[in-house]
There are 2 protein chains.
Amino acid sequence: MKSSLRSVAEIPAESTESLSANVVHRLEVEILKGQRRPGDRLDERQLAEQFGVSRTPVREALQRLAASGLVVSRGRQGLQVAQLSLADLLDAFSVAAELEALASAQAARRIRSEQRTRLEAAHEVCAAAAKARDVDAFYEANLEFHETISVASHNRILHDELRRLTVKISPYRRTITYQPGRMDSSIPEHGQVMDAIFRGDGAAASQVMRAHVTLLGEGLSDLLHFLRMSGDENIIAELT
Amino acid sequence: MKSSLRSVAEIPAESTESLSANVVHRLEVEILKGQRRPGDRLDERQLAEQFGVSRTPVREALQRLAASGLVVSRGRQGLQVAQLSLADLLDAFSVAAELEALASAQAARRIRSEQRTRLEAAHEVCAAAAKARDVDAFYEANLEFHETISVASHNRILHDELRRLTVKISPYRRTITYQPGRMDSSIPEHGQVMDAIFRGDGAAASQVMRAHVTLLGEGLSDLLHFLRMSGDENIIAELT
DNA sequence: ATACGCCAAATTGCATGCCAGTCTTATCGT
DNA sequence: ACGATAAGACTGGCATGCAATTTGGCGTAT
């Protein structure tokens with residue numbers, strides 16, 4: 001490579017993995033953090049230069065993301081960050097609701113003490129962020145809360161599926177977080193889920209979590225309606 | 001390439017797609033048909049020769065399959081067809097049960113007439129195969145039955161996730177089909193699901209389907225127990 | 001002035017070559 | 001004879017070069 005190792009923000013922490021795995025991880029983070037928005041085109045050469053590697057690992061990373069449904073291939077027109085239609089989004093939330101409900105039920109039976117601690121900590125950070133109206137901190141802690149439950153289910157398959165889905169809808173979920181009142185109503189819901197899990201009441205945990213995520217979906221619905229009235233159409237992908 | 005385009009079993013049907021997509025599809029089929037068993041090692045060069053392409057598209061295909069969880073990377077030891085532990089398998093069935101239940105519920109509300117026809121046809125083929133004790137035909141028609149419901153849910157996200165999961169557990173599901181009595185008990189269960197969907201009764205469809213798939217999982221549990229007593233350990237991946 | 005067509009530049013897709021890490025085998029030493 | 005170490009072959013990882021296809025622009029003709 002002529003420009004060789006010339007990338008600005010490089011020499012990152014975990015260089016032990018393979019380059020392609022590294023690229024996968026970084027792209028996921030960039031998408032999850034909202035730095036790459038749905039519909040953004042992903043140029044192989046640009047990414048290769050940005051990450052300081054050749055096109056091959058970038059291509060392999062993109063293939064993996066495509067298999068996850070995070071990016072979509074448009075033939076010769078390259079790949080772009082997956083753009084979910086409104087219908088897709090609502091569908092995705094219905095799937096996420098079921099999977100998170102299942103995770104909660106299994107977590108209620110299988111959670112271990114270190115995950116209890118982690119869950120409590122995440123819940124408290126959530127509450128503090130909500131009180132401080134710090135949306136970004138809340139978003140982060142909220143992810144941690146749900147991720148902890150996913151891990152505590154001790155169901156590897158479920159955890160994988162949930163992670164994929166979470167990343168896929170994360171850009172939209174982030175937007176929902178900015179909805180007024182969303183943070184405040186989340187806190188007691190989280191509390192109920194956590195209590196049910198700690199009580200070992202899988203049925204209750206499952207039910208409350210399903211409602212919690214479904215409400216997120218409804219919040220999304222409201223948000224889209226609001227945006228449409230505001231004339232801000234560009235966040236709405238395709239309306240079919 | 002010196003040996004160039006000379007591979008034995010070629011002249012690929014649908015050559016319109018990209019080569020890597022082609023390889024993905026073929027490998028999925030081979031795994032689904034049981035020609036490649038869990039634990040089988042996947043050698044890049046051998047696959048490249050088999051499919052008459054170079055290593056690059058093969059590598060990309062393997063990356064995609066790895067992202068789907070269908071194959072796993074074992075560091076420098078190459079990739080192999082994913083080998084699910086007993087715990088993983090039971091977990092996978094619990095996830096599949098929830099997703100299929102959701103699909104049934106949504107299908108009850110959204111199914112279209114052509115899918116009704118397709119579902120009825122699949123059901124009848126299933127019943128005929130069960131009566132004829134044709135395990136392979138039943139396996140095929142059973143896939144068709146579940147796939148049709150997945151499609152009829154008109155939930156793209158759900159359909160994708162379900163497809164991934166189905167392929168992943170298909171080798172094991174096939175084995176279950178050989179369990180005595182399994183086919184016969186499936187028919188009325190399918191019938192109940194189908195009736196509930198046709199009635200538009202999502203709750204009932206969901207409930208029956210969940211039980212149906214869960215029973216599959218229990219059948220698996222029985223099967224494994226039986227095999228262990230028979231001393232046939234090699235089908236049991238890792239018992240942790 | 002607009003529309004159609006052709007040419008050029010860019011971008012993706014595939015192939016091949018090289019390198020690094022790992023597993024195997026053979027030889028040497030105890 | 002057995003074990004350990006080193007050398008060689010094998011396999012996966014990455015980079016780069018070449019071909020094919022699409023896109024955008026420019027020129028010409030109506």
Side-chain angles (χ1 to χ4, degrees), chain A residues 1-7 10-12 14-27 36 39-67 70-83, chain B residues 1-8 10-27 36 39-83:
Chain A
M1 178 173 212
K2 54 270 168 189
S3 67
S4 72
L5 311 174
R6 291 272 26 72
S7 64
E10 281 320 296
I11 318 105
E14 359 85 44
S15 53
T16 59
E17 344 175 25
S18 78
L19 290 184
S20 61
N22 229 313
V23 173
V24 167
H25 190 192
R26 292 214 208 166
L27 276 176
R36 299 203 177 259
D40 283 1
R41 187 164 169 188
L42 298 167
D43 181 69
E44 291 181 5
R45 295 176 198 279
Q46 183 253 311
L47 292 173
E49 188 173 358
Q50 172 182 346
F51 294 131
V53 298
S54 87
R55 287 174 52 219
T56 305
V58 170
R59 282 183 60 80
E60 294 184 348
L62 290 178
Q63 296 289 337
R64 291 179 70 150
L65 295 174
L70 240 174
V71 308
V72 294
S73 165
R74 285 200 359 199
R76 288 284 189 278
Q77 179 43 41
L79 293 86
Q80 60 182 43
V81 178
Q83 205 169 17
Chain B
M1 183 176 206
K2 54 270 165 187
S3 67
S4 72
L5 312 173
R6 288 283 39 75
S7 64
V8 264
E10 282 319 295
I11 316 106
E14 356 84 45
S15 56
T16 58
E17 348 175 19
S18 79
L19 288 185
S20 61
N22 229 312
V23 172
V24 168
H25 190 191
R26 291 212 205 171
L27 277 176
R36 298 201 179 261
D40 283 1
R41 189 163 166 189
L42 298 167
D43 181 71
E44 291 180 4
R45 291 173 161 86
Q46 182 252 312
L47 291 173
E49 187 173 356
Q50 173 182 345
F51 293 131
V53 300
S54 87
R55 288 172 53 212
T56 305
V58 171
R59 281 183 61 80
E60 294 183 349
L62 290 178
Q63 297 287 337
R64 291 177 70 150
L65 294 174
S68 299
L70 241 174
V71 308
V72 294
S73 165
R74 281 203 338 195
R76 291 287 181 281
Q77 180 44 41
L79 291 86
Q80 61 183 34
V81 179
Q83 206 168 18

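Model, not experiment: these values are computed from the prediction.
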**Asked** Given dA15(C), is OP1 or OP2 found less than 4.0 Å from the side-chain N or O atoms of S54(B)?
**Response** yes

Atom pairs, protein N/O to nucleotides 8-13 of chain C N/O, distance under 3.5 Å:
from    : atom 1 : to     : atom 2 : distance (Å)
dT12(C) : OP1    : D43(A) : OD1    : 3.2
dG13(C) : OP1    : G75(A) : O      : 3.4
dG13(C) : OP2    : R59(A) : NH1    : 2.8
dG13(C) : N7     : R55(A) : NH2    : 3.1
dG13(C) : O6     : R55(A) : NH1    : 3.4

**Request:** Among N22(B), L47(B), V58(B), find the one that has a side-chain contact (heavy atoms from CB on, under 4.5 Å) with V53(B).
**Result:**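 Answer to the side-chain contact (heavy atoms from CB on, under 4.5 Å) test with V53(B) among N22(B), L47(B), V58(B): V58(B).
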
**Asked** Can E60(A) and R64(A) be said to form a side chain to side chain contact (heavy atoms under 4.5 Å, CB included), step by step?
**Response** CA-CA 6 Å; E60(A) 294 184 348; R64(A) 291 179 70 150; 5.8 Å; no

**Asked** Distance from R59(B) atom CZ to R59(A) atom CZ, nearest 0.5 Å?
**Response** 12.0 Å

**Message:** Does L19(B) form a side chain to side chain contact (heavy atoms under 4.5 Å, CB included) with T56(B)? I'd like the steps, not just the answer.
**Reply:** CA-CA 10 Å; L19(B) 288 185; T56(B) 305; over 6 Å; no

**Length of the CG-C1' vector between L47(B) and dC10(D), whole Å** = 16 Å

**Message:** Checking V24(A) against Q63(B) for the side chain to side chain contact (heavy atoms under 4.5 Å, CB included) test, could you report, in this order, the C-alpha distance in whole Å, the side-chain angles of both residues, the deciding distance, and whether it holds?
**Reply:** CA-CA 11 Å; V24(A) 167; Q63(B) 297 287 337; over 6 Å; no

